[in-house]
Amino acid sequence: MEQSIKSLFPDFTSTELINEIDEVASLRDFEPGDVLIDVGGYIKSVPLMVSGLVKIIKEDEEGNELLMYYMAPGQTCTVSLTCCMSQRRSEIKAIVEEPSKMLMIPIQYMDEWMIKYRDWKNFVMNNYRSRFEELFQTIDCIAFHKLDERLVTYLKTKSTAKGTNVLQATHQDIAYDLNSSREVISRLLKQLEKEGRIKLGRNKIDVSTL
DNA sequence: ACATTAATTGTGT
DNA sequence: ACACAATTAATGT
């Protein structure tokens with residue numbers, strides 16, 4: 001246990017911190033479709049990702065979604081950190097995409113750990129930085145690039161996040177993530193296939209040649 | 001193995 | 001964006 005925490009979260013250097021995590025955290029399993037946190041919700045525990053994949057989306061009043069970024073093993077939910085520190089409600093929704101395990105840490109430890117453990121603070125800050133970078137990239141993509149380029153970026157991001165070249169998704173799923181329509185995605189995918197950049201199949205997209 | 005049906009994908013307007 | 005056609009996978013008989 002101790003070893004796996006160390007290798008997953010290299011930022012944790014002090015044994016006191018690791019021991020305390022070991023003590024107060026509970027390991028929980030999540031299934032695809034589970035909602036970690038919804039818009040407007042408060043949070044009671046901060047998750048440390050051990051395995052799996054979670055997607056973070058922004059949702060507007062009409063229920064239109066937009067993929068923000070993925071949360072992968074070794075990371076934490078930045079939003080839940082801000083939420084618990086300032087007692088604010090969540091602006092986003094987190095949906096489990098692949099069976100996942102996470103260490104749940106009750107939020108009452110957060111304030112204390114920030115002061116007590118330098119390495120915890122580092123971890124949180126590093127996490128912030130990488131999340132911000134990802135977000136900037138996403139914003140850049142939305143603001144300055146056409147949908148076809150966004151789609152390519154999306155496919156690349158998704159395949160690295162999932163660690164596979166064959167993505168399991170319907171055109172509709174992708175359309176939701178990019179806040180577009182299914183027909184448009186179908187046509188763009190078809191185009192990419194014609195260009196020989198991907199291979200299409202029902203419910204799957206082979207991205208290995210992208 | 002075949003028919004039925006639901007889900008996914010393709011296309012024209 | 002909508003309507004509909006075509007194709008594919010899943011399921012029952």
Side-chain angles (χ1 to χ4, degrees), chain A residues 28-41 43 47 49-75 77-80 89-102 131 133-210:
Chain A
R28 283 193 51 192
D29 276 290
F30 293 90
E31 293 305 316
D34 286 353
V35 177
L36 240 50
I37 183 161
D38 206 341
V39 178
I43 198 142
M49 283 279 288
V50 174
S51 67
L53 191 65
V54 175
K55 73 172 175 180
I56 311 297
I57 63 178
K58 180 90 181 71
E59 220 176 27
D60 72 6
E61 315 76 50
E62 285 114 37
N64 295 315
E65 317 185 337
L66 181 62
L67 175 72
M68 301 266 90
Y69 55 81
Y70 288 102
M71 171 166 69
Q75 301 177 339
C77 180
T78 310
V79 179
S80 49
R89 288 184 289 123
S90 171
E91 291 286 319
I92 51 87
K93 188 173 180 180
I95 301 178
V96 176
E97 182 140 315
E98 281 174 12
S100 304
K101 289 184 195 301
M102 5 207 148
R131 238 70 308 229
E133 278 166 13
E134 256 186 280
L135 251 186
F136 280 140
Q137 219 185 315
T138 306
I139 290 172
D140 177 80
C141 220
I142 296 168
F144 306 123
H145 297 281
K146 298 206 197 70
L147 188 58
D148 56 345
E149 301 176 62
R150 276 179 67 201
L151 178 59
V152 171
T153 312
Y154 170 86
L155 293 172
K156 282 180 182 164
T157 308
K158 189 154 178 163
S159 80
T160 28
K162 293 205 168 215
T164 171
N165 280 324
V166 182
L167 302 175
Q168 283 282 141
T170 70
H171 301 175
Q172 183 65 75
D173 293 336
I174 298 170
Y176 282 139
D177 281 350
L178 296 178
N179 187 28
S180 176
S181 68
R182 202 267 310 157
E183 293 92 322
V184 171
I185 298 298
S186 285
R187 286 176 169 132
L188 289 174
L189 284 172
K190 203 71 197 299
Q191 186 59 38
L192 285 173
E193 189 183 36
K194 253 194 225 142
E195 293 166 8
R197 304 182 65 185
I198 58 172
K199 277 191 184 310
L200 291 176
R202 192 188 169 92
N203 283 323
K204 65 183 162 76
I205 301 166
D206 187 337
V207 166
S208 48
T209 53
L210 196 67

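Below, chain A is the first sequence line, B the second, and so on; all start at residue 1.
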Q: Calculate the interatomic distance between D173(A) atom CG and dT8(B) atom C1'; express it in whole Å.
A: 11 Å
Q.
Just verifying a value: how many Å separate Y70(A) OH and I56(A) CD1, rounded to the nearest 0.5 Å?
A. 10.5 Å
Q) Side chain of E183(A): nearest nucleotide among dG10(B), dC2(C), dT9(B)? A) dC2(C)
Q: Give me the one residue out of L135(A), I139(A), D177(A) that meets side chain to side chain contact (heavy atoms under 4.5 Å, CB included) with M68(A).
A: L135(A)
Q. Does the pair K58(A)/E65(A) count as a salt bridge with the N-to-O cut at 4.0 Å?
A. no
Q: Let me know the distance between CG of L192(A) and C1' of dT9(B), rounded to the nearest Å.
A: 16 Å
**Q.** Donor-acceptor pair (no angle test) under 3.5 Å: R187(A) side chain, dG12(B) base
**A.** yes
Q. Could you give the CD-to-P distance, from Q168(A) to dA9(C), as a whole number of Å?
A. 12 Å
Q: Indicate whether OP1 or OP2 belonging to dG10(B) is found under 4.0 Å from a side-chain N or O atom of H171(A).
A: yes
Q. Does R131(A) offer a backbone N or O that forms a donor-acceptor pair with the side chain of E134(A) under 3.5 Å?
A. no
Q) Taking OP1 and OP2 of dT8(B), is either one under 4.0 Å from a side-chain nitrogen or oxygen of K204(A)? A) no
Q) What integer distance in Å separates K190(A):NZ from dT9(B):P? A) 12 Å
Q | Atom-to-atom span, CG of L188(A) to P of dT9(B) - whole angstrom | A | 14 Å
Q) Whole-Å distance between dT9(B) P and I198(A) CD1? A) 12 Å
Q | Residue R202(A), side-chain atoms from C-beta onward, closest of dA1(C), dT11(B), dA9(C) | A | dA9(C)
Q: Specify the separation, in whole Å, of atom CZ of R182(A) and atom P of dC2(C).
A: 12 Å
Q: Using atom CD of E193(A) as one end and atom C1' of dT8(B) as the other, report the distance to the nearest whole Å.
A: 15 Å
